[in-house]
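Here is the structure we will look at.
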Amino acid sequence: MILVIFILLIVVSCTSSENRDDESPVYKDKNAPIESRVRDLIGRMTIEEKIYQLTQVAFGKNMNINNIGGEMDKIPPEMGSIIYVNQDPAVRNALQKKAIEDSRLGIPILFANDIIHGFKTIYPISLGQACSWNPEIVKQACAVAAKESRSSGIDWTFSPMVDVARDPRWGRVAEGYGEDPYANAVFSIASVQGYQGDDLGDENTIAACLKHYVGYGASEGGRDYVYTEISKQTLWDTYLPPFEAGVNAGAATIMSGFHDISGVPASANYYTLTEVLKEKWGFNGFVVSDWNSVKQLRSQGVAGSDREATLKAITAGVDMDMADGLYLENVAELIKDGSLPVARLDDAVSRVLRLKFQLALFDRPYVLEVPEEERYLLPEYLLVAEKLAEESTVLLKNEHKTLPISKKASLAIIGPMAKEQENLLGSWSAHGEAKDVISIYEAMQQEFPDSKIIYAKGCDFEGIDKTGFSEALNVARKAEIVVLCLGEKNSWSGENASRSTISLPEIQEDLLTELSRLNKPIVLLLTNGRPLELGRIEPHCQSIVEMWQPGVVGGNPVAGIISGRINPSGKLAMTFPFATGQIPIYYNMRQQGRPRSGKYQDITTEPLFEFTHGLSYTSFKYGELKADKDTITKTEKLVIDISVSNIGDRDGAEVVHWFVTDPVSTVSRPVKELRYFEKQMIRAGQANVFRFEIDPMRDLSYVDELGNRMLESGEYYISVNNKKVKISLID
Ligand code: NOJ
């Protein structure tokens, strides 16, 4: 009896706390559990208020001070989310005030933006970051971006992009972490942890968004926004893993892509959005559409009207509608006529509200208005950006040890990239400003104070004007070494920036060829957003340094590498083909029936620079792989060691990549798959041990086309560099 009364009391007290009067509603009580707050608030909302929570609009396209008021007036205080392209916390606070004070329930707005590789302290593009093979520094860089963002009024970034990409014609390869699913998964986790920290409620963290779910990187022909053809097997073993890793790391949101996955658009895909993401993986964050991707279901040919597009997207699992306003126009009607269950609406709204509570937006809706000089480009932020850029830089070629260059050598710095600032930032550079970027030329002057440095532009990035060639040749004649700065403009990669060939424009190649006739050593510095086709020009260069688009620290890291102050340690996260016609070319192809055949008749079938290629100024010697057992059961672990000696005369960092090959399996597996990597600094003359602890279920298994993890007994090979060891897995 006593027990029954006790239970009744608890029930009554819980119920009453959920139904507290309007003076002190549960959802406003910061000590109440988040789920109770969500439930309480949903219980108070009208259908219209709920639909606003699922709507995101852009604000600030025209940020002329005279227009801000008018722009703000257009945004109803009930709005769920705003893409905030401004950087002023005061304007955001004013918008937020309107939401808190002028809406019936005072629900705060969620402010978002594309903070892709830094907010103001721009660091290298993601493809470059991946070449650092240093997830810890990537995490730190994302934490810097989070601080600059939150203090400027942004709560949520549309990053990281974890689309595995194997076609460098696709401009968005710049935004992801390369061709490998495991590498994308590792950097997916690192960036989610960097942005979100341990607590989304902290003043310095922002919500992450994994995008573009899923398979966007498979865009046919490398063109943007188009169809993809992905088998269920490839979906599971190649495209889903980085998303699953990010979800497990706690990513708050996911963006559904623009593209079509084998006939079902990503933003109307019940299988990927609901069955896999929300049901199988238990994702309790929310899905935002990509810009207009709900409306685009009409042009993709799966919806005949806006109403139908809305129904398809929300039913499939898209919770928030970005930009096109279709949810606002149609959801009420869909509820009214019974096409859309209220339960689905409530589910979507609860996901959005949950994040707002997690971010503490109800309890701390405003951000502190701190002066810009206290928010941006702080010395400790720049240090992180510089370290990441140093480690992202890849020394592709260094014949006759041309690099490093003596501090006294006379140098001709030539090329359209040499004095560039803007084009060192890369695409999607948020609030980064060209004026903050150190050009290669400026960095070289600082790095080589005792050298004679002369400059000529030579030519533009593209076009046919060769009038600058003669000056470039004259300048080169007067120097001992030519440092040639070529590459791509920012706008040549990123969204909607596909190219049919990935070589440099003819004019840049011609400049290099002409200079090579002088028989002076040429050091080629490349700034670009994708792997390039270098087959024609590589033979003319003694050294090639891939600096990607490094961000605000610009030419500093590469200058340090040229002088030898920095020993390069970057390694490619994406294959450099020999020629564009080899695309798609990536290291982890499935095994083929005639491994020695199927070659091109006209060119090599090999890439120019393979996945993980990258040189150092020191030399590393790999010992033998030593496994502590050669046979294990499926539940046992196995440890493999390899000793790597630095046999050169300077310290250097080395990345050891561990690959697994499963030669016989129910499903044909790739020739090899990256399963682990580690970077260590090895002192000159010393040897370090690298260790891979194999957990069979994690490292030897594969996922079948239904998403089941399969582990089969049999033989496996573990390889590092050109060493390999066989192990047997028994039942
Ligand atoms: C479209 C892009 O595909 C996506 O990556 C971006 O986050 C949104 N626009 C918002 O700007």
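All ligand and atom numbering here is 1-based and tracks the order in the structure. Index from 1, following the sequence. Computed over heavy atoms, backbone and side chain alike; hydrogens, waters and symmetry mates excluded.
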Leu340 and its side-chain contact (heavy atoms from CB on, under 4.5 Å) partner, picked from Ile314, Thr310, Asn330: Ile314
Side-chain donor-acceptor pair present, Ser159, Tyr195, cut-off under 3.5 Å: yes
Stacked cation flag Lys120 on Tyr381, 6.0 angstrom / 45 deg: no
Nitrogen or oxygen atoms of Trp428 and ligand 1 under 3.5 Å apart: no
Sub-3.5 Å N/O-N/O distance, His212 and ligand 1: yes
Steps toward ring pair (Phe, Tyr, Trp, His ring centres under 6.0 Å) verdict (Phe158, Trp428): CA-CA 11 Å; Phe158 300 131; Trp428 291 112; 8.8 Å; no
Non-hydrogen atoms of Tyr227 and Ser262 that approach each other most closely: OH-CA, 4.0 Å
For Lys211, atoms of ligand 1 separated by under 4.0 Å from a heavy atom: 4 (C), 5 (O), 6 (C), 7 (O)
Any Arg172 heavy atom less than 4.0 Å to ligand 1: yes
Heavy atom of Met255, distance to ligand 1 below 4.0 Å: yes
Verdict with supporting geometry, Phe611 and Tyr586, ring pair (Phe, Tyr, Trp, His ring centres under 6.0 Å): CA-CA 7 Å; Phe611 178 74; Tyr586 48 93; over 10 Å; no
Best match, Asp290, Ile83, Asn113: closest heavy atom to atom 1 (C) of ligand 1: Asp290
Asp114, any N or O under 3.5 Å of ligand 1 N or O: yes
